[in-house]
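Working notes, beginning with the structure itself.
Computed from a predicted model, the values in this text were never measured in an experiment. Below, read A as the first sequence line, B as the second, and so on, with proteins coming before strands; counting in each chain starts at 1.
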Protein chains: 2
Amino acid sequence: MKDITPQQNKVLDCIKVYIKETGFPPTRSDICKEMGFKSPNSAETHLRALEKKGFISIASGASRGISIIGEDSYKESNNIETDNYPIIGLVAAGSPTLASENIEKQVSCPSNFFGSSFDYFLRVKGLSMKDAGIMEDDLIAVKKTHEVRDGDIVIARIDDEVTVKYFKKPAQDTVILEPANDDFSNIEIDLKSEDLFIEGKYIGLIRES
Amino acid sequence: MKDITPQQNKVLDCIKVYIKETGFPPTRSDICKEMGFKSPNSAETHLRALEKKGFISIASGASRGISIIGEDSYKESNNIETDNYPIIGLVAAGSPTLASENIEKQVSCPSNFFGSSFDYFLRVKGLSMKDAGIMEDDLIAVKKTHEVRDGDIVIARIDDEVTVKYFKKPAQDTVILEPANDDFSNIEIDLKSEDLFIEGKYIGLIRES
DNA sequence: TATTTTACTGAATATATATACAGTATAATA
DNA sequence: TATTATACTGTATATATATTCAGTAAAATA
């Protein structure tokens with residue numbers, strides 16, 4: 001019963017934008033102007049629906065008494081849940097550690113930008129994941145984790161070589177790192193004789209053109 | 001003349017606290033309750049003084065129309081300009097206008113995220129730019145402009161069809177929209193007989209996986 | 001199929017609220 | 001010393017605003 005409808009979501013966004021721009025919440029009439037409604041009751045019913053579903057609270061009797069629930073309404077409306085993330089250069093050899101010598105720079109980015117959380121950006125070298133839309137110099141958001149599943153795009157390290165590939169585990173002791181580019185071959189790792197370290201998992205991508 | 005008096009400072013603080021706790025600014029009467037005033041005019045005059053000194057702005061005629069100036073504390077302290085950008089669904093037909101019915105939602109993003117400024121995000125449909133690493137459902141940051149150069153990736157509209165392609169202008173009256181996928185063909189437009197509207201230019205890309 | 005939910009228009013109204021006006025008093029400034 | 005700014009009380013009022021009631025219509029759900 002907590003599903004927000006697309007229209008209700010628009011109203012919610014319009015409230016957030018209004019607060020961001022004016023510093024205070026809109027009236028029913030303001031919402032009508034923004035949304036193109038002709039009756040204040042259109043806004044009212046949407047507000048009551050949003051209240052019922054727990055997205056906002058409405059102070060009874062008060063004008064502009066809307067506040068956004070979840071986080072600090074102020075933070076929410078301004079999306080202040082922003083963090084700084086390091087960009088790490090994917091050097092041909094070497095672990096993508098967070099050591100300062102590997103950090104290109106820090107960028108600010110809302111922490112919920114890709115739905116799930118992540119820890120750093122990695123600058124991609126090479127075109128081995130080209131068919132997955134991952135191009136040279138792209139920044140991929142990486143979540144540090146060892147728990148990866150078949151089909152995930154992972155950041156893996158073999159000896160000192162760091163690579164981004166599809167993860168497949170056909171047998172207990174075998175991992176296949178599969179590129180998304182016909183010009184490259186699968187890397188098959190026998191865990192009994194070789195070391196494989198999963199640095200993390202691909203969460204999202206940013207390209208500065 | 002910008003010195004705040006101790007009492008005015010108390011009123012300012014009380015407004016900040018009120019906003020933090022309720023999510024919206026106080027009325028004159030609310031300030032009276034908090035401060036112990038017996039006349040709404042006590043609050044009013046303090047507000048006007050604070051406005052005159054540049055600490056707040058007061059929206060005329062609006063209830064609770066107080067907003068605190070310079071209070072984007074995060075922006076202040078981190079010097080990051082974050083803005084809300086609309087995500088527009090690239091419908092197969094139709095202009096990617098900013099009309100609310102086309103806006104999927106708003107996302108917060110540092111305004112200098114891609115180096116140059118941009119105006120909105122467009123959700124990509126289809127794989128015609130696959131080899132440029134632009135995949136289905138990617139969000140591309142679009143700068144509204146008509147000034148595009150050969151080789152730019154542009155958001156173009158022919159009649160009501162919106163498309164993302166490489167822009168090439170081999171002759172005065174000819175534009176070629178070139179896909180980045182061998183499965184698609186070039187679109188050649190004779191400007192003398194056909195209409196072409198450049199909605200904007202590709203600035204960057206985000207992929208939520 | 002009947003019922004509920006969503007998504008509105010349109011009108012009416014009690015009240016919440018900004019805001020002006022009339023005073024009083026003290027401290028700071030010119 | 002005259003003037004201005006600060007810091008209030010107290011009253012009044014136009015209007016901004018929430019909120020209820022009466023409908024219509026389409027889509028989703030049971």
(request) Would you mind telling me which residue lines up with the more 5' stretch of DNA chain D, A49(B) or D30(A), judged by nearest nucleotide? (result) A49(B)
(request) Assess the side chains of K165(A) and T163(A): does a donor N or O sit below 3.5 Å from an acceptor N or O? (result) yes
(message) If you compare every side-chain N and O of S60(A) against the phosphate oxygens of dT19(D) (OP1, OP2), does one of them come in below 4.0 Å?
(response) yes
(message) I need the CZ-P distance between R48(A) and dT6(C), as an integer number of Å.
(response) 15 Å
(message) Below the 4.0 Å mark, does dA18(D) have OP1 or OP2 next to a side-chain nitrogen or oxygen of R64(A)?
(response) no
(message) Over the length of the helix from dT1(C)-dA30(D) to dA30(C)-dT1(D), how much do the five-pair end axes diverge, rounded to 10 degrees?
(response) 40°
(message) If I take atom CD1 in residue I66(B) and atom C1' in nucleotide dT19(C), what distance separates them, rounded to the nearest angstrom?
(response) 13 Å
(request) Check whether any side-chain N or O of R28(A) sits under 4.0 Å from OP1 or OP2 of dT17(D), and answer yes or no. (result) no
(message) Without decimals, in angstroms, what is the distance between E44(B) CD and dA22(C) P?
(response) 16 Å
(request) For L50(A) and dT6(C), give me the distance from atom CG to atom C1', rounded to whole Å. (result) 12 Å
(request) Starting at the 5' end of nucleotides 7-12 of chain C, put B wherever the base has a protein heavy atom under 4.0 Å, S where only the sugar-phosphate does, and a dash everywhere else. (result) SBBB--
(message) On the nucleotide dA18(C), are OP1 or OP2 found under 4.0 Å from the side-chain N or O atoms that S63(B) carries?
(response) no
(message) Does any part of the side chain of K143(B), heavy atoms only, come nearer than 4.5 Å to the side chain of S116(B), both counted from C-beta?
(response) no
(message) Going by ring-ring contact (aromatic ring centres under 6.0 Å, His included), name the pairs with one or both residues in residues 132-171 of chain B, residues two or more places apart or in two chains.
(response) H146(B)-F197(B)
